[in-house]
Structures are given as C-alpha cells and as structure tokens.
Amino acid sequence: MAQEPPLTAAEKAKVTLLTARMCKRSLAGEDVDLSDLQRKVERILDTAAKRAESQ
C-alpha cells in the first residue's frame, strides 16, 4: 500500500468532512455518484504530496 503524505490539521478536517459526506450519500443507495467528492479528496492528497516533496 502506498504511503500517504503527511496532512495538516486543516487537510485532515477537510478529508474527514468529505468522507462523512460520502458515507451519507452512500446511504441513499448504490447508484449515487461519489466521484465529485472523491476527486476533492484526491486533490487534497495530491497537494499534500507535492508539499512533502518540496520540503
């Protein structure tokens, strides 16, 4: 499994909020689209990875 980059407190809070929203949407059914929230989480992780590389 790939190692995740270190996240700031704000990034952790955003990922937690987005994960909770994904869980809430998934309760509505299997046909619900989660791709927009997944892209936001991936963007946060990509930003954290770039920050970790530059340090």
Side-chain angles (χ1 to χ4, degrees):
M1 186 170 187
Q3 179 141 358
E4 292 187 19
L7 300 174
T8 64
E11 289 169 339
K12 288 178 185 179
K14 288 177 187 177
V15 170
T16 302
L17 176 67
L18 291 170
T19 304
R21 288 180 63 192
M22 282 189 257
C23 290
K24 186 176 176 183
R25 280 191 191 178
S26 67
L27 289 174
E30 293 182 16
D31 298 333
V32 179
D33 184 30
L34 300 175
S35 63
D36 60 327
L37 298 176
Q38 291 170 341
R39 278 193 312 269
K40 289 180 183 182
V41 170
E42 289 173 7
R43 191 176 311 131
I44 292 169
L45 294 176
D46 289 343
T47 303
K50 287 178 185 175
R51 185 183 62 248
E53 287 177 6
S54 67
Q55 290 181 354

Of Thr19, Leu18, Leu17, which meets side-chain contact (heavy atoms from CB on, under 4.5 Å) against Val15? Thr19
All side chain to side chain contact (heavy atoms under 4.5 Å, CB included) counterparts of Ser26, not counting sequence neighbours: none
Any donor-acceptor pair under 3.5 Å linking the side chain of Arg51 with the backbone of Leu7? no
Does any pair with a residue in residues 17-36 pass salt bridge (Lys or Arg N to Asp or Glu O under 4.0 Å), and if so which ones, sequence neighbours excluded? Arg25-Asp36
Taking only distance into account, with no hydrogens and no angle test, what donor-acceptor pairs under 3.5 Å do side-chain atoms of residues 39-50 form with protein atoms, sequence neighbours excluded?
| from | atom 1 | to | atom 2 | distance (Å) |
| --- | --- | --- | --- | --- |
| Thr47 | OG1 | Arg43 | O | 2.9 |

